[in-house]
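What follows is one structure encoded as structure tokens, with my remarks underneath.
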Amino acid sequence: MSEFVSDGWALIGRHLRHIARVPQKLLSVTIMPVAFVLAFGYVLGSAMEVPGVEYREYFMAGVFTQVMVAGMTSTGVGVCEDLGNGLMDRFRSLPMSRSAVLIGRTVSDLLLSAIACVVMSVVGFAIGWRIHTGFWSALGGFALLLLLGFVAIWGGALLGLALRNAEAVSSLGFVIVMPFMFLSSAFVPLNGLPHWLREVAKWNPLSAVTDSCRELWGNETTAAGTGFPAEHPGTVALVVLVAMFLIIVPMAVRSFGKATAR
Amino acid sequence: MEYAIEAEGLSKSYGNHQALKDLTMSVPTGSILGLLGPNGCGKTTTVRCLTTLLKPDSGRARIAGLDVVEQPKEVRRRIGLAGQYAAVDERLTGLENLRLIGTLYHLGRKTVHSRVDDLLERFDLTEAAHRQVKTYSGGMRRRLDLAASLLADPAVVFLDEPTTGLDLPNRIAMWELVREQAAKGATVLLTTQYLEEADQLADRIVVLAKGEVIAEGTPDELKASVGGERLEVTVEDASRAEAVAKALTDWGVGTATVGEGGRRVSVPVDAGMEAVASAVAALKGEGSRITDFSLRKPTLDDVFLSLTGHDAGAPDAASDPGTEES
């Protein structure tokens, strides 16, 4: 166990040095989220009317969610790069913990997601978004977002290990994320959807995460409807995310063993 | 005799392609084995099986007496691996790379720091220690890679084509480092495509072709089997070739043969400089115009030709001295 921790820590250190030395990595977690906040805040925000809701209050939780999910692709691409050079063979020839390699990558990518959250919060604040609740409640919202981010990152790692090709990861990642993103309450209220589609969208974990964040931050929400997911978004979000995590992580660890044994 | 590496009937297939067929070999502790063969002959597959990276389909292998399939972690504590490409992290400095690998070997902080400093010094990387590896030259990367494989002072070192792509000075420097390691008591398995490299370094050579061992022996034994150095003489006028061959043979240089194309006369020169002197005298006496005169060391092609009997595209397989009495 202590080996697992020290190996994981050493490899997290490796990735943190990368973040400091590869400017693109920092740009991807700063420029892109800022662009999203501004685009939704000013471009879409000026055209969107959600009845009874101040849109700048409404969309921020959605942007946070989207950026967390986007972490999937960059992790998947990074895993493909790692597999492509001889470093994986070297790690596997060492008497170290195997899963530490994946821990190193996923934990440091989670740190990038956290940095993105901080940057977006600052920009959001500048354009008028506020958290109206207390400290713990605010923290709870961010914790839920990071849990979503971590699940997405492990999903990306699994995708990278299964496909072993960076381009395939980016395109398939997009195909997987898009329907989840649009069939959710991240940017638009679900009231306008046809009945059956609304039921699907309600159970979408991204809807649950966004609505929980709105609730926890005291932002205006449109989730107030009927049905279990609308009334208990936090419970749905937690249960679904933890379940996904428990399925994805062992799968990723297993395919790591397989992918590198060629 | 004690063996650091023992393989018995190792086989491995990828789909329909059989990469290793029933490979059996043993390497005495403290010696250098050269695993020689062309691309795709199974050298890397062998190394991957022996270093626990790949599970063989059948057969057994033991490193320092430990089974690679049953006790992989124990095996990994005792081996060092340097692969075909320098497996180092480009974004880290040389020092950081070595410290990371040392930490993952669980050597303890103090040991890691002192070992890393020693190796940087020995491999002439101290000055570059704080630069990112992406600024290193090819030779420096390979040295760093080799240093990383030696961090735990492993009993058995695997070097998969350690000098491929290096220029001569760097290659010679690598050879020196490999020899030093063996002198310190480590067992080294080195794969190479170059007969000369195996000749320079290895105590014994195993020749692989299509996943099978086709020959085994000391470098001298192997070279003797292909007839050592050859002298090649090209005559200007093809009609004179037979006469030149006869003159060389008569002067006692060796049994000379005329290659396909009819202008190149080839003769084994096992006797060294004396044979070259006799050849010059013979050619002077004969009087034909010579356009080219060269000494050629046996190449891997020659070894293959004589061992497999396959025509690898070389014209004079039948007249190869390895298959003749001379």
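Per chain, numbering begins at 1; letters A, B, ... match sequence-line order. Scope of the values below: all heavy atoms of this structure, side chains included, with no hydrogens, waters or symmetry mates.
Of the residues considered (B:Val88, B:Ile79, B:Thr52), B:Val88 shows the highest number of contacts with chain A, using heavy-atom pairs under 4.5 Å. Per-residue heavy-atom pair counts under 4.5 Å with chain B were compared for A:Arg21, A:Arg17, A:Arg14, A:His18, and the maximum is reached by A:Arg21. Per-residue counts of heavy-atom pairs under 4.5 Å with chain A were compared for B:Val75, B:Leu81, B:Thr103, B:Thr51; the largest is that of B:Leu81.
A salt bridge is absent between B:Lys184 and B:Glu180; no separation between the charged side-chain nitrogens and carboxylate oxygens falls under 4.0 Å. For B:Asp160 and B:Arg48, the salt-bridge test fails: no basic side-chain N is under 4.0 Å from an acidic carboxylate O.
Residues of residues 112-130 of chain B never come closer than 4.5 Å to chain A when only heavy atoms are counted. Within residues 138-152 of chain B, the residues having any heavy atom less than 4.5 Å from a heavy atom of chain A are, in residue-number order, B:Asp145, B:Ala148, B:Ser149.
Interface remark: B:Leu92 contributes backbone and side-chain atoms alike to the contact with chain A (heavy atom separation under 4.5 Å). For a residue to count as touching a neighbouring chain, one of its non-hydrogen atoms must lie under 4.5 Å from one of that chain's; by this rule B:Glu90 does not touch chain A. Both the backbone and the side chain of B:Thr93 come within less than 4.5 Å of a heavy atom of chain A. Contact of B:Gln132 with chain A is made through the side chain alone, with heavy-atom distances under 4.5 Å.
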task = Give the intermediate values and the outcome of side chain to side chain contact (heavy atoms under 4.5 Å, CB included) for residues A:Phe59 and A:Phe36.
result = CA-CA 10 Å; A:Phe59 83 93; A:Phe36 272 133; over 6 Å; no

key: Steps toward side chain to side chain donor-acceptor pair (under 3.5 Å) verdict (B:Asp57, B:Ser11)   = CA-CA 6 Å; B:Asp57 295 337; B:Ser11 296; over 6 Å; no

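Between the side chains of A:His15 and A:Asp109, no donor N or O sits under 3.5 Å from an acceptor N or O.
The closest side-chain heavy-atom distance from A:Val63 to A:Phe187 is below 4.5 Å. Side-chain contact between B:Leu23 and B:Leu208 is present, with heavy atoms from C-beta onward closer than 4.5 Å. Side-chain contact between B:Arg171 and B:Tyr194 is present, with at least one heavy-atom pair separated by less than 4.5 Å.
Under a 3.5 Å cut-off, the side chain of A:Arg92 and the backbone N or O of B:Leu53 do form a donor-acceptor pair. Between the side chain of A:Asn204 and the backbone N or O of A:Phe180, at least one donor-acceptor pair lies under 3.5 Å.
For the pairing with B:Asp67, the salt bridge (charged side-chain N to carboxylate O under 4.0 Å, His left out) check across B:Lys73, B:Arg60, B:Arg62 returns one residue only, B:Arg60.
Pairs of residues two or more places apart, or lying in two chains, never qualify as side chain to side chain donor-acceptor pair (under 3.5 Å) while including a residue from residues 166-175 of chain A.
For B:Asn39, the side chain to side chain contact (heavy atoms under 4.5 Å, CB included) test picks out B:Glu161, B:Gln193, with sequence neighbours left out.
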